[in-house]
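The structure appears below as C-alpha cells.
On a predicted model such as this, the values are computed, not experimentally measured, just so you know. Residue numbers begin at 1 in each chain, while the letters A, B, ... track the order of the sequences.
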Amino acid sequence: MSHRVIVLTILAAFVATISAVGPAGVGAQNAWPTADAFAAADKDAANWILPARNYGGNRYLAGGSITAGNVGTLKKAWTVKVDARGPLEVAPIVWNGTMYVTSSHNDVYALDAKTGTVKWHFPYKPHVIAFSANRGVALGDGKVYEATLDGHLIALDATTGKPAWNVVAAHDVSNTFFTMQPVPYKNMLLLGASNGDWGGIGYLSAYDAATGKRLWDWNAVPGPGEPGHETWSGDSWKRGGGAIWSGLAIDPATSTIYVDLGNPQPDFLGTIRKGANLYTNSMVALDVSGAKPKIKWYHQFIPHDTHDWDPAMPPVLFTGTVKGASRNLVAAGDKGGNFWVLDAGTGAQVYRVAVSTQKGQNTQPNRKGDIACPNTNGGVEFNGGSYMPETNAFYVPSVDQCGIWKSQGTATYVSGQFYLGGAFPALYGPSTGYMSAIDIGTGKFLWRKHLAFPQIGGALSMSTGVVFTGGVNGDFTAYDAKSGSVLWHYPTKMTIQAPAGSYVVGGKQYVVIAAGPAGVNFADPRLNQGAPTLEGKYSHPTSAMITAFTLP
Amino acid sequence: MHTIALSLAAVVVLGGAVPARSAPDDHAGAIAALADMRAAVAEIVRIEDGYAVGHAAYLRAAHRAMNALVGRRDDGYAASFGDPGDGVGTLGHLDRMLDQTGSSLWTPAVQGAKANVLAAAANLESALGQKEMEEYQADLTRALASLALVAGRSSEGGVLGGLTGALANTSLGVPAGSSVVSGCGSPKSAPAYGVVAGRLAYVALPRSTAAAGIPAGLGVSRVELLGDTVVLYAPMARAASAQCSSKGSRLQRTRAVVTSAASAPYTAAQAHAGMAVYRRTCLQCHGADLQGTAGPGVAGTEFLVNAQRNKWTLQDLRTTVFDNMPFSNPGSLTPKQYADVTAFLLAANCYPAGSKPFPQTASPALAKVKLGPVPGAKPANPKLGTCAVK
C-alpha cells in the first residue's frame with residue numbers, strides 16, 4: 001500500500017539522497033524504470049517518474065537540500081519556451097537527467113534537466129474539440145506516452161522522439177478527447193476519457209503499454225442491469241457524463257485504483273436526469289486484480305449536481321493521524337469548494353472542510369439566472385493538494401469566486417458541441433483564492449492565506465518544511481509549512497495552472513514549474529489587462545515557459 | 001384483424017440465430033426489435049382468438065404486449081404480468097439503435113418505427129383503461145395497425161418500409177462481422193454483402209451453403225446463379241445500382257452543397273462590424289488566424305470539414321455563439337453583437353454575403369442550413385481555407 005511506502009520513506013528520509021537513483025548510478029542494464037521502481041518512486045529523489053510523484057498521488061518529497069531555512073535564496077537555473085497556443089498544465093516527468101514536458105496542443109519536448117536544452121521536439125496538430133490542455137506524458141520501457149486532444153494514444157521513443165505506435169483510443173472522437181497524463185501500472189497504461197460537458201460518458205481504460213491494444217474499459221455510468229443504473233431517469237444515462245479529467249491514485253499492495261468521476265450532464269439541467277446520477281461526482285475504489293475492474297466502494301460527494309461541481313482534484317492516498325489514531329485515508333476536493341477526507345478502506349467520510357465560499361448548494365440554476373458559489377472552475381481544481389506527515393497537515397489551494405448560473409428548458413445533443421442544458425456561469429463579484437493547511441488531526445485549518453488571485457497550481461510539500469504552489473497571476477511561492485509565512489516567491493508573469501516538481505541532477509536539487517497563457521479556464525478579467533503580481537505586472541503573456549530553480 | 005396479425009408474423013425474419021456478442025450491433029438490434037414486436041402481436045392475437053372469461057385475462061394480455069414493446073426500463077412496464085419478449089423491448093432496441101452520433105440511410109425508417117411503437121403503446125395504455133369489451137378490442141386493433149407499420153414491408157424504403165424495408169434494403173441488413181463489398185457490378189466473392197452508399201444491393205452466397213437458408217432479415221426480389229455463387233438481389237437493388245453511376249452521385253453531392261452555401265444569411269456590413277467584436281471578445285482563445293489557441297478553431301477547412309462530419313447546422317452555430325460564448329461570460333454581448341460576430345464567422349468561412357442580415361433572434365430556418373466547405377470558394381489563405389473579411 002502506498003501509505004506503507006510513505007511510512008518507509010519517512011524512515012528512509014535520511015538516506016533518501018543516497019538511495020536515490022541518480023544518473024551516475026544508472027547502468028545500461030537498467031535504463032528505464034521498472035514496475036518496482038514505479039512502486040518505490042517515493043524513495044527516488046533524483047527522478048520524478050509518476051504524474052503526482054508516487055502511486056498515492058501525493059506530491060510530497062522526503063529529504064532534499066531545499067529547506068525552509070535556505071529556500072529564500074532559490075534562483076532561476078534555466079527557462080525554456082514551448083508552444084504557447086494554450087495554457088500549460090503539465091506535470092514534468094524527469095528520468096536520468098532528461099525532463100519530458102507537453103504543451104497544450106500536445107507537442108512533446110525532451111529537455112536536458114540541468115540546462116533546459118531541447119533534446120528533441122515532437123510537434124503535433126490535433127483537432128481541438130473543446131479546449132486545449134495536456135497534463136503530461138507517462139514514462140515506460142524506453143518510451144514516453146501521450147494522450148491527445150483528438151483521442152489518440154501515442155508512444156514515442158524516449159531517446160529520439162520518433163513515434164513508435166499511435167492508436168485511436170477514444171470510442172467517439174467527435175466528443176471525446178484526453179487531457180489526463182496516462183499512468184503506467186504493471187504492463188498497462190491507465191487513461192480516463194475527457195468527454196464530460198460534451199455529451200459523452202466517462203470511462204477508464206487500460207491499454208497494453210507495448211502495443212496500445214485496449215485491455216479493458218470501465219464505464220463511469222452504469223448501463224442497464226448494472227447496480228446504480230436506477231439512479232438515472234429514462235434514457236438520461238446515455239449521455240450522463242462522469243468524465244475523468246485528471247489523475248488516479250493506486251494502491252499496488254491491494255491492486256486498488258482510486259478514481260474521481262466528473263459531473264453529470266446536461267450540466268445545468270437536472271430535471272431531465274432525475275436521481276442521484278451515479279457514479280458522477282463520486283470517488284470509486286476499483287479492484288483491478290482480475291481481468292476486469294470491480295467496484296470495492298464508491299462515495300458520491302454531490303449527488304445530482306447541477307453546477308458542474310465535480311471532484312477535479314486527483315485522489316491522494318496517505319496515512320494520517322486522526323484524533324490521535326493512525327488511519328489509511330484518501331483525500332479529494334471538488335469545484336463546489338469542498339475538501340474531503342475518506343477512509344481509504346471503506347470510503348466512509350472522515351472530514352468535509354469548506355475551502356471556498358459556498359452559496360446555493362441546494363438550488364438549481366433557472367431560466368432567469370441564479371447566484372451560486374463557487375463559480376465554475378472554482379473551489380479545488382485539477383492539480384489538488386499534498387499531505388505532509390511532519391505536520392500531519394494537508395495543503396490545498398483553492399479558487400474563491402461566485403457565478404450567475406442559467407439553465408435552459410431543454411438540452412439537445414449535437415455531436416462535437418457542448419451538452420449543458422444552460423450556459424457556463426458568468427463571474428459574479430470578486431475573484432480571489434486561498435492557500436489552506438488543514439490539520440488532519442482535527443479537520444480544522446492549521447493556517448489559511450486569503451490571496452488576491454485564484455490558486456490552482458497544486459501543492460508540492462517537502463519534509464524540510466516547505467510548500468510550493470502557484471497562482472493564476474503567475475506568482476510561484478514557497479510557504480513555511482508550519483506557519484504559512486511566505487519564504488520565497490518568483491513572478492513568472494504568466495498564468496500558473498500546473499503543479500511543481502522536484503528532481504536532482506549533478507548533485508543539485510531543482511524545483512520546476514510550467515507557466516503560460518491564461519486560456520479558457522479562469523474568468524478573471526484582470527488576466528486580460530495585466531494583473532498585479534508580487535513584483536510588477538502580469539504581462540498578459542503570449543508565451544509559455546518551463547522554468548527550473550536551484551540553490552546558488 | 002386476424003389477417004393483419006398473421007401477415008405480420010409472416011413478414012418477420014426468416015430464421016437466423018443471432019450470435020452472442022458483447023456490444024449490441026444495429027442489425028441484431030433490428031432483428032431483436034422485430035422479435036419483441038412479434039411477441040406483442042402474438043399476445044394480442046391469442047386473447048382475441050381465444051374465449052377468455054373475465055377482465056383479468058384481457059388486462060394481462062394487454063400488459064404483456066405492452067411489456068414486450070416498451071421493455072423493462074420504461075415506466076409502462078409491469079413486471080408482475082410477465083414479458084413474452086427479451087426484456088429490452090422493441091422500444092429499447094430502437095432507442096439503442098438511434099442513440100448514436102451518426103445517422104444512416106436506415107435512420108428515418110427506425111425513427112418511423114419508433115413513432116409507431118409509441119402509438120401502439122398509447123393504444124394499449126388506452127385499452128387497459130377500458131371497461132367495455134368493444135372499446136378494448138377497438139384499441140387493440142389500432143395497436144395492431146401501428147405495429148403493421150413498425151414491421152413495414154421489404155418493397156419500400158423510408159418510414160413506410162419500416163424495419164423490414166430497412167433490413168432488406170440498407171446496410172442494416174448486414175450482420176456484424178460479415179464481409180461487405182461494393183455493390184456496384186457483379187459479385188466477385190461469396191459470402192458477401194454488396195452495399196452502395198448505405199443501400200444493400202445483393203447478398204452473394206456460395207451455392208453449397210445457400211441451400212441452408214436465407215440470412216435473417218433479407219427480402220429477395222430476384223435470384224441469380226453466377227457459377228458457384230447464388231446472388232440474392234435486394235427488393236430495391238435497382239435504387240442501389242443507380243448510385244454506382246458517377247453522374248448520379250456527383251449530382252447529389254453538388255445539390256447538397258449548393259443548398260448549404262446559398263442560404264446562410266448575413267450582410268457584408270454585419271461581418272465588418274463583427275470583426276471588431278471578434279478581436280475584442282473571441283481572439284484570445286480562438287486566435288488571430290481563427291485556428292484556435294486555448295479554444296478550438298472556428299474557421300477554415302478543418303473547421304468546416306469537422307462541422308460537416310458532425311452535421312452541424314447554422315442553428316447549432318448560433319446556439320453555441322449566442323448561448324455559450326464567450327466561454328467565461330456567456331450572454332454578455334448584445335443580440336446585435338452576437339449577430340455581427342456570427343456574420344463575421346460566416347464571412348471568414350467563405351460564405352458569400354447577401355442582402356438578408358443574420359437574425360438577432362432565433363429563426364427555425366437556420367436549422368435547415370448545413371455547415372460545410374463552400375463550393376467555388378476562393379480562400380484568401382488557401383492553406384487554412386479562410387476568407388478575408390473587409
Practice task
Evaluate side-chain contact (heavy atoms from CB on, under 4.5 Å) for A/Leu420 paired with B/Asn324, printing each intermediate quantity in order.
Solution key: CA-CA 9 Å; A/Leu420 303 175; B/Asn324 297 121; 3.5 Å; yes

Fill in the blank from the handout: Heavy-atom closest pair (A/Gly519 atom, B/Ala294 atom, distance to 0.1 Å) is CA-CB, 3.5 Å

Handout entry: Polar side-chain atom of B/Thr293 near backbone of A/Gly86 as donor-acceptor pair, under 3.5 Å
Key = no

Problem - CG on B/Asn310 to CD on A/Gln417, rounded to 0.5 Å - result: 8.0 Å

Fill in the blank from the handout: Taken to the nearest 0.5 Å, the spacing of A/Leu427 CG from B/Ser332 OG works out to 11.5 Å

Fill in the blank from the handout: Here the gap from B/Asn306 atom CG to A/Ser415 atom OG, rounded to the nearest 0.5 Å, amounts to 8.0 Å

Practice task
Evaluate whether atom CD of B/Glu125 has more than 12 neighbouring non-hydrogen atoms of other residues, nucleotides or ligands under 6.0 angstrom away.
Solution key: no

Practice task
Starting from the C-alpha separation in whole Å, work towards a yes-or-no answer on side-chain contact (heavy atoms from CB on, under 4.5 Å) for A/His127 and B/Phe303.
Solution key: CA-CA 9 Å; A/His127 167 72; B/Phe303 171 78; over 6 Å; no

Completion exercise
B/Trp312 and A/Gly416 have their tightest heavy-atom pair at CZ2-O, 3.3 Å

Handout entry: Basic-acidic side-chain contact under 4.0 Å: B/Arg73, A/Glu230
Key = no

Fill in the blank from the handout: So CG of B/Asn329 and CZ of A/Phe424: to nearest 0.5 Å the spacing works out to 13.5 Å

Practice task
Find out whether A/Asp235 and B/Asp95 are in side-chain contact, i.e. whether some heavy atom of one side chain is under 4.5 Å from a heavy atom of the other.
Solution key: yes

Problem - Segment of A/Trp232 engaging chain B (4.5 angstrom heavy-atom cut-off) - result: neither

Completion exercise
Correct closest heavy-atom pair for B/Pro296 and A/Ala130 would be CD-O, 3.0 Å

Handout entry: Heavy-atom pair with the smallest gap, counting every atom of B/Arg96 and A/Pro224
Key = NH2-CG, 4.2 Å

